[in-house]
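Just so you know, these numbers use all the heavy atoms, side chains as well, and skip hydrogens, waters and symmetry mates. Numbered from 1 within each chain, the chains take letters A, B, ... in sequence-line order.
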Amino acid sequence: MDESPAIAAVCIDQPLPQLDRLFDYLVPEGMDVRPGCRVRVRFGRRKVAGFVIAVKPSTDFAGKLLWISDLVSPQPVVTEEIAVLARAVADRYAGTMSDVLRLAVPERRVRVEAEAPAEVLPVAAPSSDHWKRYIAGEAFLRALHDTKSPRAVWTAVPGEDWPARFAEAAAATAAAGRGAVLVVPDQTDLDRLDAALEAVLGPDRHVVLSAQAGPTKRYRAFLKAARGDVRIVAGTRAAAFAPVPNLGLVAIWDDGDGSHVDRHAPYPHAREVLLTRAGLAKAACLVGAHARTPQAQLLVETRWAVSMTAPRGEIRSATPRIVPVGDESDLERDPSGGTARLPTVAWEAARAALAKDRPVLVQVPRRGYVPAVSCQRCRTRAACPNCSGPLRLLGPRRDPVCGWCGTVARDFRCAECGSNRVRAVVIGAERTVEELAQAFPDTPVVESTGVNRLESAPAGAAVVVATPGVEPAAAEGYGAVLLLDTWALLTRAELTASEEALRRWMNAVALARPDGTAVVVADGGLAVVQALMRWDPAWFAARELEERTELGFPPVMKFAALTGPNGEPEKLATDLPHDLGAEPIGPIPVDEHTERLLLRVRRRDGAALAATLAKATAERANAKADPVRVQIDPREIA
DNA sequence: AGCACGCCGACT
DNA sequence: GTCGGCGTGCTC
């Protein structure tokens, strides 16, 4: 009889790049160590936590193995699929597997593990009727049900009940015995998706995975997925790693939303995690949104996925009338149209909707009262006399207040011309509410911004002033949607300014009734406004992608940002192998001691760049060199 | 990260 | 003779 103990390959919970590999340990006789479970092991002098990634009969390690110190729990929490995924995501982002697993596996809650597993409930095949509006939509659902793995970039028409469509896709997948992972940007979208899943699947067929619910509920949902008690997981970005057995479908809604980027190292984007996962697990993939990102468009153009859109006629009948209005002189407009805040066309659209007892949505880019002011006379930005921060107004006839240090600038003097008067640069949601309340005295005017987000629009005639991303849905749709101060979105310096503007506008206009009106206060000659008017985000994304390709920007070119003490990022860059062809851009100073250098390579060299940077980082850490932080797909250029 | 090993200057 | 500087390398 063979008495030799089993060997466990353990991923140590340590973020150090030079320790980003598996370490073998002996499994003590009788210890119930399974792949994916949590253990504690001696590592160097200390005892550390780790995940057992594999259990095997032998080791390649020539030295003397230590025994696993403790089995934390026999409950497997890292499935083989997730282990492979975590490794792939770490490699893609030049990060460590343990960092990725920290995102993927929620904190343990002992009592939750003791709960009895539930019975897996069957899921009936859903109706695919609503998918018929889209070219190849029904075929997509049928393919899911036939356990094939179709991949689609889906452009939803305005008013589309996308949570229901996601639920149907998940149901078609689960009815065929496979699992689905659905990722949405935020809790509000998740609540909607949760309700749609409940309606389509029936109770207890899915779980919701988000940090919002708190660690106990989160771990319970996670374990239900890991144990196969449910086949369908819906959640926010970290749910992209949900351990669903026999994965058949991954789906992401509105992949352009910045919330999909994790804020912990190595900062993976949920879309990239899911695409990687779909590739590894040979699962189907659905990238859905009203708008379309250049990254999604690239999936279409490389034929990795098909473009799933509605026919023109279907789009026309679902889309409100969209009218552009040139933004001539926003703050000095003739107020005879009702309000200085609204151009006449916008005001009339609002009035017509209210007359029909329908709500009106007004999107403004900034919250607050007057979030930025400048000198009345010379228009120089008004800066805090104390810290040079931006001054803002918190209410009518109030002194300017600094947005950074809170200093009240009671005796404001322009640094350039000495004038003591200020004028608004941007008008915030709060002041917009104030002005519209005067313009529509018999109508409730409410605000939905940031933390004070409104769950749903009031029924009947009402004006809702909202900032992008927190527009409440209206039961029957808005009679009018007004997009104000669009210049504030369009003049941002970010590479993604137009794309982001279109995404925000489309998400707002999608809340309008098909017989309603949307007014965009912007130059109708701009491509981004044209894309909105024609409801053709694919056209705009293709254009955007082409432009970025010409300029050598992402996603066709791959970027990494190196941040570290002056000189070090450059040193690291020059030490890279020349055949990688990494082109340095910069460096630019971050502060007195720190600089940031961008590296650019061809897309197909992205993996090699990440691998090389990970190796270089590990070597530097070993040599105790000053740390240089590496970030793949940095936000400032993504 | 910690912590060992290791090879050269000034101290009990 | 030896205490200790921190360079180099390893951690199953």
* Those residues that, when tested against A:Asp189, pass salt bridge (charged side-chain N to carboxylate O under 4.0 Å, His left out) (two or more places apart) -> none

* To do: Could you list where the contact with chain A starts and ends along DNA chain B, reading 5' to 3', using a 4.0 Å heavy-atom cut-off?
  => B:dA1 to B:dA4

* To do: Hey, could you give me each pair passing ring pair (Phe, Tyr, Trp, His ring centres under 6.0 Å) that has a residue in residues 51-85 of chain A? Not counting sequence neighbours.
  => none

* To do: Return the set of residues passing salt bridge (charged side-chain N to carboxylate O under 4.0 Å, His left out) with A:Glu595 (not counting sequence neighbours), or none when no residue passes.
  => none

* Asked: Looking at the rings of A:Tyr267 and A:Tyr93, which for Trp means the six-membered one, are their centres under 6.0 Å apart?
  -> no

* **Gap separating the CG atom of A:Leu16 from the OG1 atom of A:Thr96, nearest 0.5 angstrom** => 8.5 Å

* Heavy atoms under 4.0 Å is the rule here; annotate nucleotides 5-12 of chain C 5' to 3' with B where the base is hit, S where only the sugar-phosphate is, and - elsewhere. => ----BBBB

* Which pairs pass side chain to side chain donor-acceptor pair (under 3.5 Å) with one or both residues in residues 602-614 of chain A, sequence neighbours excluded? -> A:Arg602-A:Asp605

* Structure fact -> Output for pair (A:Leu71 CG, A:Arg38 CZ), nearest 0.5 Å, gives 11.5 Å

